[in-house]
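Read through the structure below, which is laid out as structure tokens, and then see the notes.
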Amino acid sequence: VGEVGLSPIKRWFFDSAPAQPDRYHQYVALRLKQPLDAQHLAQVWDALWRRHDLLRASFERADGQWRQQVAAPGPAPAIQAQDWRGAADLDSRVDAAFARMQEATPLAGPLVALTHAHCDDGERLLICAHHLIVDAVSWRLLLGELFDGLAALARGEAWTPSARGASYADYVEALREADDAQRFDAGFWRELAAQPMQALPQDRPVALADARQSNVGRIVQTLDAGLTADLLERAGEAYRCRTDEVLLIALARALATRTG
């Protein structure tokens with residue numbers, strides 16, 4: 001709660017000086033398989049609003065610098081209700097609703113808005129949020145919690161969001177430290193990229209016209225249970241890297257052996 005430093009990607013966003021920083025939203029339009037209880041939706045939305053700091057974030061420019069504030073937990077913004085039954089221009093109404101939601105979510109906050117609409121073919125849930133507070137990963141988490149909560153309440157069960165871990169301020173500090181480390185690593189890779197590179201050897205020249213999927217050869221190998229566990233679990237812990245990074249290193253070493 002209070003002022004929180006900008007994460008590296010947010011600093012990049014503002015440093016790039018977009019012409020309309022208020023206009024950088026992401027949208028989700030969901031066609032629901034079954035009716036929603038409006039009170040349940042409001043209850044779950046209020047719990048998520050209080051749980052997730054970034055939903056309560058806002059941004060302002062002062063003395064030439066962008067600053068981020070996180071408001072104290074409080075009641076969530078009201079969910080807009082719409083009745084579009086009998087409307088022939090449903091797509092236009094959805095577009096217009098998103099336009100209104102974008103206008104209602106400036107950088108001064110709130111940065112997210114919800115609309116619950118009744119339509120002839122069922123209900124729609126529209127969510128509009130600024131990209132500064134959501135991305136592809138957080139959408140999945142947020143929507144997962146939203147529908148977990150709705151399902152629990154529909155069953156008559158009590159529900160609360162997942163337990164809180166580190167604060168957003170701690171997360172930003174960890175990102176800053178990681179960003180500093182990456183800047184150090186970047187120098188190493190730039191020096192390496194500046195060195196002359198040897199082309200990979202070819203068994204035979206291949207014309208671009210022949211570079212088709214039908215001409216691709218495949219070699220399939222299967223790892224036993226022990227090697228699979230080594231790859232997916234033990235290697236990452238030992239070398240502090242992900243599985244895809246381990247495989248990339250293995251490929252690089254194989255190519256180095258082949259090329260000398």
Side-chain angles (χ1 to χ4, degrees), residues 1 4 7 24-58 70-87 89-105 109-171 232-233 242-243:
V1 176
V4 178
S7 65
Y24 209 75
H25 290 66
Q26 293 190 331
Y27 311 94
V28 171
L30 302 172
R31 181 178 176 181
L32 305 177
K33 294 182 178 179
Q34 56 190 19
L36 277 183
D37 183 305
Q39 291 185 340
H40 288 172
L41 178 60
Q43 181 179 341
V44 173
W45 171 229
D46 189 73
L48 293 175
W49 176 266
R50 297 172 185 272
R51 164 66 179 81
H52 294 289
D53 291 347
L54 268 190
L55 295 178
R56 308 189 308 276
S58 62
V70 174
I79 300 171
Q80 298 299 310
Q82 298 288 340
D83 189 345
W84 294 336
R85 284 170 289 196
D89 56 342
L90 184 57
D91 290 343
S92 296
R93 288 176 181 254
V94 170
D95 291 343
F98 276 133
R100 290 193 300 271
M101 295 163 75
Q102 181 174 263
E103 290 291 338
T105 51
L111 292 171
V112 58
L114 276 68
T115 294
H116 179 207
H118 293 267
C119 310
D120 290 332
D121 60 350
E123 299 179 14
R124 300 288 197 282
L125 181 61
L126 312 180
I127 308 176
C128 172
H130 199 286
H131 198 10
L132 285 171
I133 66 168
V134 291
D135 58 17
V137 175
S138 54
W139 271 122
R140 294 197 297 270
L141 298 174
L142 186 62
L143 293 175
E145 285 191 304
L146 176 67
F147 285 101
D148 284 348
L150 291 172
L153 295 181
R155 295 191 299 266
E157 301 171 0
W159 178 83
T160 55
S162 57
R164 182 186 177 94
S167 69
Y168 181 68
D170 291 338
Y171 172 69
L232 297 181
E233 300 170 9
R242 303 189 307 268
T243 300

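As a basis for the values below, the full set of heavy atoms in this structure was taken, side chains included, without hydrogen atoms, waters or symmetry mates. One-based numbering along the sequence shown.
Checked by atom type and distance alone, the side chain of Trp45 pairs as donor or acceptor with a backbone atom of Pro77 at under 3.5 Å.
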Quiz prompt | Stepwise side chain to side chain contact (heavy atoms under 4.5 Å, CB included) test for Val134 and Ile127 | solution = CA-CA 11 Å; Val134 291; Ile127 308 176; over 6 Å; no

Quiz item: Going through the distances and angles, do Tyr171 and Ser7 end up as a side chain to side chain contact (heavy atoms under 4.5 Å, CB included)?
Solution: CA-CA 9 Å; Tyr171 172 69; Ser7 65; 5.5 Å; no

Exercise. In sequence, state the C-alpha distance, the side-chain angles, and the governing distance for Gln82 and Cys119, and then conclude on side chain to side chain contact (heavy atoms under 4.5 Å, CB included).
Key: CA-CA 9 Å; Gln82 298 288 340; Cys119 310; over 6 Å; no

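Residue Asp83 holds its CG atom at 10.5 Å from NE2 of His116, rounded to the nearest 0.5 Å. Distance CG/Leu146 to CG/Leu141: 12.5 Å, rounded to 0.5 Å. For the atom pair His130 NE2 and Leu54 CG, the distance stands at 12.5 Å (nearest 0.5 Å). Here Gln26 contributes atom CD and Ser138 contributes atom OG; the two are 7.5 Å apart, rounded to the nearest 0.5 Å. Annotation: the span from Trp84 atom CH2 to Asp89 atom CG amounts to 9.5 Å, rounded to 0.5 Å. Expressed to the nearest 0.5 Å, how far CZ of Arg242 lies from CG of Leu232 amounts to 14.0 Å.
Pairs engaging residues 131-152 under the ring pair (Phe, Tyr, Trp, His ring centres under 6.0 Å) rule: Tyr24-His131 [sequence neighbours left out]. Identified under the salt bridge (charged side-chain N to carboxylate O under 4.0 Å, His left out) test for residues 120-148, with sequence neighbours left out: Arg31-Asp121, Asp121-Arg124.
The two residues Ala129 and Val112 have their closest heavy-atom pair at CB-CG2, 3.9 Å. Contact between Pro161 and Arg51 at its shortest, heavy atoms only, is CB-CG, 3.8 Å. The minimum heavy-atom distance linking Ala152 with Ala158 is given by the pair CB-O, 4.5 Å. Closest approach of Trp159 to Ala47, counting heavy atoms only: CZ3-CB, 3.9 Å. Ile133 and Ala57 make their closest contact through CG2-CB, 4.3 Å (heavy atoms, listed as atom of the first residue, atom of the second, distance). What you find for Ala29 and Leu126 is that their closest heavy atoms are CB-CD2, 3.7 Å.
The number of heavy atoms from other shown groups lying within 6.0 Å of CD (Glu157) is above 12.
No side-chain heavy atom of Asp53 sits under 4.5 Å from any side-chain heavy atom of Val4.
Listed by chain and number, the residues in a side chain to side chain donor-acceptor pair (under 3.5 Å) with Thr105 are His25 (sequence neighbours excluded). Among residues two or more places apart in sequence or in another chain, the salt bridge (Lys or Arg N to Asp or Glu O under 4.0 Å) test is passed with Glu233 by none. Arg100 pairs by the side chain to side chain donor-acceptor pair (under 3.5 Å) definition with nothing, not counting sequence neighbours.
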Got a list of side-chain donor-acceptor pairs under 3.5 Å for residues 35-43, not counting sequence neighbours?
{"unit_1": "Asp37", "atom_1": "OD1", "unit_2": "Gln39", "atom_2": "N", "d": "2.9"}
{"unit_1": "Asp37", "atom_1": "OD1", "unit_2": "His40", "atom_2": "N", "d": "3.1"}

